[in-house]
There are 2 protein chains.
Amino acid sequence: MDGQALILRNVSNYISITGEEQAYFLSLLQSRNYHRKEYLQREGSNCNNFTFITTGCVKSYLLDQKGDEHILTIAPADWWVVDYMSFVFEQPGNLFIEAIDNTSTLILTKEKREELFRKLPQFERYFRILTERAFAVSQQRVTDILSLTAAARFEKFQQRYAHIAASLTQQQIASFIGVTPAFFSRMLKAKRK
Amino acid sequence: MDGQALILRNVSNYISITGEEQAYFLSLLQSRNYHRKEYLQREGSNCNNFTFITTGCVKSYLLDQKGDEHILTIAPADWWVVDYMSFVFEQPGNLFIEAIDNTSTLILTKEKREELFRKLPQFERYFRILTERAFAVSQQRVTDILSLTAAARFEKFQQRYAHIAASLTQQQIASFIGVTPAFFSRMLKAKRK
DNA sequence: GATCCGGGTTGACCTAGGTCAATCCGGATG
DNA sequence: CATCCGGATTGACCTAGGTCAACCCGGATC
């Protein structure tokens with residue numbers, strides 16, 4: 001399935017639009033490819049687009065004072081990535097977004113998105129539903145971090161991200177669940193036993 | 001300002017609707033009052049409504065295995081509360097929502113909200129924007145928990161929630177930033193010095 | 001086949017923050 | 001005025017997870 005077909009299928013999970021509308025929607029998107037380790041976005045710059053992953057995989061993360069990486073999201077194919085904080089409040093972001101595989105994307109800029117909302121208000125619905133789901137998951141993540149041990153968080157991670165877990169390094173998983181690679185390694189060892 | 005005026009003003013921050021539409025919107029809401037410590041929602045039940053706080057204040061939290069409370073959100077007047085995870089995925093929630101002051105609310109059930117979307121699709125936009133903002137803040141909270149010390153999180157909390165901080169107990173603030181009351185007390189002491 | 005490099009592992013040690021129980025304090029309640 | 005109750009504080013001790021540096025290993029690269 002090509003990128004355009006993928007994104008149209010994604011949209012059709014939530015709203016139904018005619019062939020003409022589909023064509024119009026696609027015309028607003030801009031495709032772009034990145035190779036492994038290339039940045040889609042850097043800390044300090046304003047994020048002014050929604051990026052849909054058609055193939056590959058991307059991570060968003062921030063670097064703390066010590067230079068340690070903390071992964072916020074992992075976006076595989078059929079997923080959107082954005083630095084919401086930067087996008088929504090139109091301020092410089094503190095996230096990096098980086099390809100962890102060679103990846104191809106479709107980009108919807110803020111302006112094009114507004115245009116889309118004007119021409120096809122159903123897309124308000126599409127993004128509303130999308131965001132409500134993402135928000136729910138994010139809330140869950142907050143409560144998980146607040147109330148679970150690292151081991152329990154890892155359990156959940158394995159269940160929820162079974163499909164992509166295999167393609168991630170231990171360092172990345174460790175960062176996502178919020179522990180150091182060293183500790184994560186020990187955790188695994190303890191579990192194996 | 002009464003509750004209806006408050007919610008209409010809130011809506012008008014994001015979309016503009018006619019007087020007639022306002023009346024219709026209001027007709028879908030159901031008002032209800034709670035006294036301090038009363039539950040709006042309990043763990044295990046399905047959350048099937050959005051609740052707008054018109055006066056007072058509410059917290060949502062979960063209890064972990066040990067029975068310790070972890071506050072997820074604090075919603076003052078002019079704010080919505082929902083257990084998104086339960087609402088969006090239509091599953092039993094694991095949050096309690098409890099009034100921390102006497103509070104009055106306007107309730108929009110899931111069905112009424114769907115009806116609202118059918119009759120006045122602009123409300124898709126209203127909820128989209130609302131959720132995008134809330135999501136951005138939630139993402140920020142995740143990165144804060146992952147990358148900052150308790151003291152730094154408290155700093156941020158003070159800035160962001162200056163207006164309500166005064167009306168919260170230390171226990172509540174401690175739980176919100178993710179530390180125990182005992183540790184929080186020591187933290188304050190260290191700062192005062 | 002040597003070198004390099006990016007993981008992953010491991011040991012020895014450290015620290016932020018938790019635990020538990022006692023005590024204190026102020027303001028309702030009776 | 002005495003009692004109670006829900007915070008807040010404090011001391012003594014504990015532990016999950018961090019730190020730092022050394023080492024290992026497999027698979028590119030030359």
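A, B, ... follow the sequence lines: proteins, then strands. Residue 1 opens every chain. Keep in mind that this is a model prediction, so the values were computed, not measured.
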K.L.:
Below 3.5 Å between N/O atoms, which protein atoms pair up with nucleotides 28-30 of chain C? Just atom names and distances, please.
P.N.:
none

K.L.:
Give a yes or no on whether a salt bridge exists between Lys119(B) and Glu21(B), defined as a side-chain N under 4.0 angstrom from a carboxylate O.
P.N.:
no
K.L.:
Does Asn33(A) form a side chain to side chain donor-acceptor pair (under 3.5 Å) with Ser31(A)? I'd like the steps, not just the answer.
P.N.:
CA-CA 7 Å; Asn33(A) 302 316; Ser31(A) 84; 5.7 Å; no
K.L.:
So, does Lys189(B) get its side chain near the phosphate of dT10(D), meaning an N or O under 4.0 Å from OP1 or OP2?
P.N.:
yes
K.L.:
Do the ring centers of Tyr126(A) and Phe117(A) come within less than 6.0 Å of each other?
P.N.:
no
K.L.:
dG6(C) phosphate, OP1 or OP2: any side-chain N/O from Gln170(A) under 4.0 angstrom?
P.N.:
no
K.L.:
With Arg141(B) as the cation and Phe176(B) as the aromatic partner, state whether NZ or CZ is under 6.0 Å from the six-membered ring centre and within 45° of the axis.
P.N.:
yes
K.L.:
Polar atoms only, N or O, under 3.5 Å: list the protein pairs with nucleotides 27-30 of chain D and their distances.
P.N.:
none

K.L.:
Give the B/S/- string for nucleotides 14-25 of chain C, one per nucleotide from 5' to 3', where a protein heavy atom under 4.0 Å of the base yields B, of only the sugar-phosphate yields S, and otherwise -.
P.N.:
---BSB------
K.L.:
Identify whether NZ of Lys or CZ of Arg in Arg113(A) sits under 6.0 Å from the centre of the six-membered ring of Phe127(A) and within 45° of that ring's axis.
P.N.:
yes
K.L.:
For Leu188(A) and Gln170(A), run side chain to side chain contact (heavy atoms under 4.5 Å, CB included): C-alpha distance rounded to whole Å, both residues' side-chain angles, the deciding distance at 0.1 Å, then the answer.
P.N.:
CA-CA 10 Å; Leu188(A) 287 181; Gln170(A) 283 182 210; 3.7 Å; yes
K.L.:
Using the benzene-type ring in the case of Trp, are the ring centres of Tyr39(A) and Tyr34(A) under 6.0 Å apart?
P.N.:
no
K.L.:
Apply the test salt bridge (Lys or Arg N to Asp or Glu O under 4.0 Å) to residues Glu132(A) and Arg125(A): give CA-CA distance (whole Å), side-chain angles for both, the deciding distance (0.1 Å), then the verdict.
P.N.:
CA-CA 10 Å; Glu132(A) 282 181 356; Arg125(A) 181 175 177 84; over 6 Å; no
K.L.:
Should the ring pair Tyr61(B) and Phe96(B) be called parallel, tilted or perpendicular, given that the plane angle runs from 0 to 90° and is split at 30 and 60?
P.N.:
parallel
K.L.:
Heavy atoms, side chains only, cut-off 4.5 Å: are Gln172(B) and Ile71(B) in contact?
P.N.:
yes
K.L.:
Separation of Arg36(A) atom CZ from dC5(C) atom P, in whole Å?
P.N.:
15 Å
K.L.:
Report the distance from atom CG of Leu188(A) to atom C1' of dT10(C), rounded to the nearest whole Å.
P.N.:
14 Å
